[in-house]
Trainee: 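Just dropping this structure here.
Keep in mind that this is a model prediction, so the values were computed, not measured. First listed ligand is number 1; within each ligand, the first listed atom is number 1.
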Amino acid sequence: MEVNDINMQSDNCEPDRAAHPGIFLCREAGKSDHQPSGRCVDFPVSVVLPAGGSGERTGLQTPKQFCSFLGRPLITYTIQAFERVLWIQSIMVVVAKENMDLMTDIIQRFQHRKVRVVPGGSTRHRSICNGVLALGEEGEGTSAMERPKVVIIHDAVRPFVEEDFLYKIAMAAKEQGAAGAIRPLVSTVIATTSEGYLDHSLERAKYRASEMPQGFTYDVICQAYQRCSESDFEFGTECLHLALQYCGTNAKLIEGPPTLWKVTYKRDLAAAESIVKETLSRSACIITGGSTQAVTLADALQKAVGALDVELDVIPDLMGDNARYLLKEWNFIQVSVSTSCLSEVEAMLGALEAANRALLHPLVVIWVHFSSMDELSVSGRVAEPAAIMDLASTAKLRNILLYGIQLHQSKEAERWERSVLRVAEIASALIRDRSPALVGQLLQA
Ligand SMILES: Nc1ccn([C@@H]2O[C@H](COP(=O)(O)OP(=O)(O)OP(=O)(O)O)[C@@H](O)[C@H]2O)c(=O)n1
Ligand SMILES: O=P(O)(O)OC[C@@H](O)[C@@H](O)[C@@H](O)CO
């Protein structure tokens with residue numbers, strides 16, 4: 001994967017902002033691709049996302065939290081993971097002073113809500129401390145939010161955090177004063193002598209890796225930072241230690257899922273992109289227009305794609321109840337058997353834009369033009385590839401990736417089955433890879 005260093009001025013792969021007045025947010029009831037867990041948290045919870053580092057270990061010019069994949073900086077995935085949690089009242093993003101404008105631009109571009117930005121410090125603890133203290137102050141443009149009872153602290157470069165685990169951390173922090181995520185060690189920890197030789201190794205089963213998120217009652221984390229030493233600020237890496245050392249608060253440790261890992265090296269950005277792509281490509285819906293031929297093809301595709309690990313729903317259109325697919329699906333296959341087929345695709349693109357879904361992730365629309373030989377002779381030609389390319393170029397500006405697959409019906413059963421399998425394989429690959437390079441192409445099955 002080529003890691004797109006975000007252009008500090010503007011990121012040209014961003015969709016046209018004017019066309020998208022607002023990010024599709026999960027809080028709009030009934031319009032969510034994320035069903036709130038319905039968990040009830042009856043005390044105010046705020047979040048601090050330390051994002052003030054330089055990401056040196058990636059070897060990239062751009063700090064890793066601002067590196068983009070799938071058209072979005074890494075940090076927006078993390079912010080989105082917290083925004084979709086209804087019981088979180090506010091998110092404090094802490095960035096280096098020189099990145100304040102960039103962060104403000106990202107918040108506007110992706111219309112993140114509940115988010116404030118404050119300047120960080122020279123170390124992670126200093127940044128976190130700035131974020132925690134800012135929670136206690138009124139921020140411009142924010143309503144008079146309550147001072148939080150619990151503060152969740154989470155590295156901004158850990159994008160894969162789920163509501164259920166956040167709930168466990170928040171509830172444990174309220175009960176115990178502090179709580180933290182842990183994971184089993186994957187390497188044994190050893191102590192070395194000053195000459196660089198093995199001194200001793202630790203019994204791995206007795207130790208765990210400290211991860212994020214961590215939670216603290218506001219009083220505990222404030223007190224810890226008020227009492228800790230300069231050396232803690234300069235060299236420390238563990239908030240749970242500060243709570244124990246300076247507040248006598250013994251954190252509750254909760255084993256978290258493997259998804260809590262931190263983006264540290266350049267390869268981790270490629271891994272994060274791959275995980276997001278995998279999440280987006282698990283399902284698709286086929287719109288048949290109700291024609292018998294299209295339904296036959298869709299049924300055959302459903303069987304073929306089953307082997308390719310993509311769950312397919314077959315629907316006649318996106319009207320009525322089926323409009324819900326516009327709000328939860330990331331991949332659409334439009335089967336057209338009519339000669340005036342592009343109008344169907346244009347209508348779908350319009351509906352997708354109106355649903356305002358493409359800002360979170362690039363949507364995939366695959367137009368399968370299914371022409372019987374006699375139809376070709378009647379229509380003479382299917383829609384010109386240039387027309388599809390033009391439509392795709394416009395759609396791409398809206399973060400919708402339009403691809404075409406041409407399929408000729410054959411009366412020979414074997415040939416027909418081979419063609420259907422090819423359509424399934426091509427469609428699966430387009431959905432999985434979301435390659436900008438193939439946008440507008442009319443691929444032959
Ligand atoms: N002065 C700092 C240093 C780090 N962080 C944040 O703390 C989190 C975890 O730190 P780490 O992975 O070490 O990030 P960096 O310090 O940027 O990485 P590196 O050590 O490779 O420079 C990151 O979200 C980072 O932006 C911060 O807010 N302020
Ligand atoms: O040490 P780094 O700055 O790479 O990352 C911070 C991590 O240490 C920290 O997130 C967890 O160990 C939990 O404290």
Trainee: State if P63 counts as touching ligand 1 under the rule of any non-hydrogen atom under 4.0 Å.
Mentor: no
Trainee: If we set the cut-off at 4.0 Å for heavy atoms, which region of S54 has an atom near ligand 1: side chain, backbone, both, or neither?
Mentor: both
Trainee: Do T58 and ligand 1 have an N or O pair less than 3.5 Å apart?
Mentor: no
Trainee: Should the pair R324-E329 be classified as a salt bridge under the 4.0 Å nitrogen-to-oxygen rule?
Mentor: no
Trainee: For ligand 1, is there an atom lying under 4.0 Å from some heavy atom of T264?
Mentor: no
Trainee: Heavy-atom cut-off of under 4.0 Å around ligand 2: list whichever protein residues fall inside it, by chain and number.
Mentor: R57, R124, D155, R158, S210, E211, M212, Q214, T237, E238, K262
Trainee: Of all the non-hydrogen atoms in the protein, which one sits nearest to atom 18 (O) of ligand 1, and at what distance?
Mentor: K64 NZ, 3.4 Å
Trainee: Pull out every atom of ligand 1 sitting under 4.0 Å from any heavy atom of V157, numbered as shown with elements.
Mentor: 23 (C), 24 (O)
Trainee: Report the relative orientation of the aromatic rings in Y77 and F69; use parallel for angles under 30°, tilted for 30 to 60°, perpendicular for over 60°.
Mentor: parallel
Trainee: Does one side chain, of D232 or S229, offer a donor that lies under 3.5 Å from an acceptor on the other?
Mentor: yes
Trainee: Are F332 and Y325 an aromatic pair, judged by ring center distance below 6.0 Å?
Mentor: no
Trainee: Heavy atom under 4.0 Å from ligand 1: found in S122's side chain, backbone, both, or neither?
Mentor: backbone
Trainee: Within ligand 1, which atoms have a heavy atom of S127 less than 4.0 Å away?
Mentor: 1 (N), 2 (C), 27 (C), 28 (O), 29 (N)
Trainee: Examine ligand 1 and decide if any of its atoms is less than 4.0 Å from a heavy atom belonging to G55.
Mentor: yes
Trainee: Check each heavy atom of Q65 against ligand 1 and say whether those closer than 4.0 Å belong to the side chain, the backbone, both or neither.
Mentor: side chain
Trainee: Under 3.5 Å, is there a donor-acceptor pair linking the side chains of E238 and Q214?
Mentor: yes
Trainee: Between Y246 and Y225, is the ring centroid distance below 6.0 Å?
Mentor: no
